[in-house]
Amino acid sequence: MSLRLHDTAARAVREFVPLEPGRAGVYVCGLTVQSQPHVGHVRSAVNFDVLRRWLLASGYQVDFIRNITDIDDKILLKSADQDRPWYNLAYEMSRELTRAYDALNVLPPTYEPAATGHVPEMLQLIEELVRDGHAYAAEDGSGDVYFDVLSWPAYGELSGQRVDDMEAAEDADPRGKRDPRDFALWKGRKDSEPATASWPSPWGPGRPGWHIECSAMAGKYLGPAFDIHGGGVDLRFPHHENEQAQSRAAGRPFASYWLHNAWITTAGEKMSKSLGNSLVVGEVLQRVRAIELRFYMVSAHYRSHVEFSFEALEEAAAGFRRVEGFLERALPVDSVVEEGAPRPSRNPGELPPAFVEAMDDDLGTPAAVGVLFDVVREGNRLLAAGEDVSALAGQVRAMLDVLGLDPADPAWGAAAGSDERLTSAVDVLVRGLLEQRAAARAAKDFAAADAIRDTLRTAGIAITDTPDGPTWELEQ
RNA sequence: GGUGGGUUGGCCGAGAGGCGAGGCAACGGACUGCAAAUCCGUCCACACGGGUUCGAAUCCCGUACCCACCUCCA
């Protein structure tokens with residue numbers, strides 16, 4: 001069976017049939033870089049990173065575009081509050097976001113276009129829409145340009161709503177809208193806004209509306225028709241509905257499949273700066289390792305709501321350490337690190353069929369993780385029986401690689417802050433102590449032996465006795 | 001008002017008519033000087049009330065509660 005994905009537009013799981021065999025074009029809505037990324041933001045990135053890795057493992061060549069929204073109302077408001085240029089805030093937050101992605105081993109996209117770099121493409125699209133009667137310049141002289149929702153009968157099809165049932169927006173002042181449901185393609189510059197936040201256009205200086213950027217950038221980098229468009233559930237409406245409407249109204253078929261990830265909530269509420277309950281990635285990573293946070297996210301299905309708690313996170317981390325422990329025992333460190341040595345297999349052909357089936361079924365990572373644990377248990381059993389487990393270890397690594405969770409991936413090294421020289425220095429010291437302990441044990445002086453072990457534990461170093469002698473590792 | 005999703009064991013979290021996911025925690029056993037790790041075993045849950053069926057966590061009807069979206073949002 002091949003890959004099946006849940007398509008929001010169809011409200012059903014559909015077989016994935018790419019427009020072009022062997023290639024997959026994916027566009028994912030990134031973030032508005034207005035504040036520090038929280039775990040909910042990163043969940044979305046991790047979910048779509050798993051999609052990408054699975055497409056790659058399935059043999060597709062993947063064009064993966066994830067945008068950055070670096071100009072919008074909030075960025076302007078916040079930067080004004082902080083009394084600094086909007087682009088300074090946007091750029092700083094953009095770099096923080098990249099750090100968070102890197103920490104969680106989210107592969108860099110093929111390209112990460114920023115809205116401000118694509119104003120000409122947006123203007124062109126807007127002009128086409130105006131020309132074809134799907135958009136109009138506001139008659140109040142504001143310089144705004146709106147999409148005419150009523151001119152597009154299919155409006156509402158993505159989110160399954162009928163225009164007549166929609167509540168009209170109450171917040172934004174209607175300005176020059178013909179219908180309250182019309183949305184802005186272009187926002188004329190207001191006197192209160194910095195001159196740097198405006199670009200020339202046929203309707204006067206202004207800046208892009210929120211939705212137009214994705215249509216323009218997806219079109220530029222993936223073409224008028226592409227395979228998969230992803231983002232958080234909240235984007236389904238209005239953002240994605242509007243993207244689709246404005247693209248199709250301009251004659252572009254746009255996305256074939258729409259994927260939406262669910263929320264991570266905390267204390268029953270979605271994370272939001274305004275609620276003061278957002279869990280900033282950097283803070284969470286002071287409590288657990290990044291690989292553990294990623295495992296926690298991957299353990300839940302991307303369409304399931306996750307109620308975040310540190311308790312659940314730490315339980316997941318404990319489970320993940322079982323997997324790591326197996327690999328450490330199955331693959332002696334030397335064989336992994338040794339230069340030029342072939343890495344233990346990460347060949348997709350080695351993936352257990354049950355794992356493949358789980359992933360093909362709308363990225364069923366929970367079931368896939370179940371398979372992972374099955375193989376680990378079997379591997380541990382064989383290990384206890386003194387049998388060869390290299391094949392199982394290879395399977396485990398191949399599965400972890402697909403999930404972006406291979407502990408041996410160098411991507412984790414930098415984030416973990418490990419330092420080889422430091423490790424080797426500690427190793428010398430610990431070995432000295434372990435020799436003393438071995439001598440004490442040989443003399444049956446267990447009090448002395450345990451004292452050494454306790455001292456090491458106090459220093460955060462755990463000792464494990466094995467048939468081949470004791471080993472140590474930093475406690476996590 | 002409209003649209004969509006949810007309620008599973010002590011906890012997390014899958015599944016979508018029969019073959020009891022999995023993890024964490026707990027308990028018993030093996031191994032160990034003692035631990036740790038690991039292995040073996042125990043722990044048979046699906047909001048509530050009806051119904052369909054030989055058989056329902058899964059389908060249908062109803063009820064309760066929770067959440068998201070309806071033009072700021074991952």
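Atoms considered below: every heavy atom in the structure, side chains included; atoms not considered: hydrogens, waters and symmetry mates. Bear in mind the structure is a predicted one, so any value in this text is a computation, not a measurement.
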What's A:Asp450 touching, base or sugar-phosphate or nothing? Going by heavy atoms closer than 4.0 Å.
base
Looking at A:Tyr155, does the NZ or CZ of A:Arg162 lie under 6.0 angstrom from its six-membered ring centre and within 45 degrees of the ring axis?
no
When rounded to the nearest Å, what value does the distance between P atoms of B:A47 and B:A57 take?
10 Å
Is there a donor and acceptor pair closer than 3.5 Å between the side chain of A:Arg453 and the base of B:C34?
yes
A:Asp450/A:Arg437 salt bridge by N-O under 4.0 Å criterion
no
So A:Arg381, base contact, sugar-phosphate only, or nothing? Heavy-atom distance under 4.0 Å.
sugar-phosphate
Can A:Phe254 and A:His229 be said to form a ring pair (Phe, Tyr, Trp, His ring centres under 6.0 Å), step by step?
CA-CA 9 Å; A:Phe254 216 55; A:His229 191 131; 5.8 Å; yes
Stepwise ring pair (Phe, Tyr, Trp, His ring centres under 6.0 Å) check, A:Tyr221 with A:Tyr27
CA-CA 9 Å; A:Tyr221 298 107; A:Tyr27 186 93; 8.9 Å; no
Between protein and nucleotides 13-16 of chain B, what N or O pairs are separated by less than 3.5 Å?
unit_1	atom_1	unit_2	atom_2	d
B:A14	OP1	A:His301	N	3.0
B:A14	OP1	A:Ser304	OG	2.9

When rounded to the nearest Å, what value does the distance between C1' atoms of B:G10 and B:G51 take?
33 Å
When you check the gap from the basic side-chain N to the acidic O, do A:Asp81 and A:Lys78 get nearer than 4.0 Å?
no
Across the strands shown, which category fits A:Gly231 at heavy-atom distances under 4.0 angstrom: base, sugar-phosphate, nothing?
sugar-phosphate
A:Arg322 side-chain proximity, nearest of B:A74, B:C39, B:U71:
B:C39
Does A:Arg441 contact B:G33 through a side-chain donor or acceptor facing the base, at a distance under 3.5 Å?
yes
Counting the atoms with a prime plus P, OP1 and OP2 as sugar-phosphate, which does A:Ile463 contact under 4.0 Å by heavy atoms, base, sugar-phosphate, or nothing?
base
Please work out which of the three classes, parallel, tilted or perpendicular, describes the rings of A:His211 and A:Phe183, given edges at 30° and 60°.
perpendicular
Residue closer to the 5' end of RNA chain B, A:Asn261 versus A:Asn242 (nearest nucleotide)
A:Asn242
Roughly how many Å apart are B:G23 and B:G18, using the P atom of each and rounding to a whole number?
22 Å
In whole angstrom, give me the gap between the P atoms of B:C69 and B:U63.
25 Å
Check if the side chain of A:Asp374 and the base of B:G22 share a donor-acceptor pair of N or O atoms closer than 3.5 Å.
no
Using atom P in both nucleotides, what's the gap between B:G6 and B:C61 to the nearest angstrom?
15 Å
Is a donor-acceptor pair below 3.5 Å formed from side chain A:Asp465 to base B:A37, judging by atom type as modelled?
no
Have a look at A:Asp73 and say if it touches a base, only the backbone sugar-phosphate, or nothing, with a 4.0 Å heavy-atom cut-off.
nothing
Distance between P atoms of B:C12 and B:C46 (Å, rounded)
16 Å
Taking the side chain of A:Trp263 as heavy atoms from C-beta outward, which of B:G10, B:C39, B:A74 is closest to it?
B:A74
Taking the minimum atom-to-atom distance to the side chain of A:His211, which one of B:G2, B:U71, B:G23 wins?
B:U71
Contiguous Watson-Crick or G-U pair runs (3 or more, under 3.5 Å) in RNA chain B
B:1-7 with B:64-70, B:10-12 with B:22-24, B:26-30 with B:38-42, B:47-51 with B:59-63
Need one value for A:Phe183: base, sugar-phosphate or nothing, where a base atom within 4.0 Å counts as base even if backbone is also close, heavy atoms only.
base
Just compare B:U71, B:G33, B:C34 and give me whichever is closest to any side-chain atom of A:Tyr155.
B:U71
Salt-bridge contact A:Glu328-A:Arg321 (side-chain N to carboxylate O under 4.0 Å)
no
A:Val130 side chain near A:Tyr136 side chain, heavy-atom distance below 4.5 Å:
no
Would you call A:Arg207-A:Asp72 a salt bridge at under 4.0 Å N-O?
no
So which nucleotide from B:G22, B:C69, B:C34 ends up closest to the side chain of A:Arg377?
B:G22
Charged N-O contact under 4.0 Å between A:Asp406 and A:Arg397:
yes
Compute both the distance and the angle, then confirm whether A:Arg95 meets the cation-pi test with A:Tyr91: under 6.0 Å from the six-membered ring centre, within 45 degrees of the axis.
yes
For A:Thr464, answer base if it contacts any base atom (sugar-phosphate contacts may also be present), sugar-phosphate if it contacts only those atoms, and nothing otherwise; contact means non-hydrogen atoms under 4.0 Å.
base
Take A:Gly370 and A:Lys74, find for each the nucleotide of RNA chain B with the closest heavy atom, and name the residue whose nucleotide sits nearer the 5' end.
A:Gly370
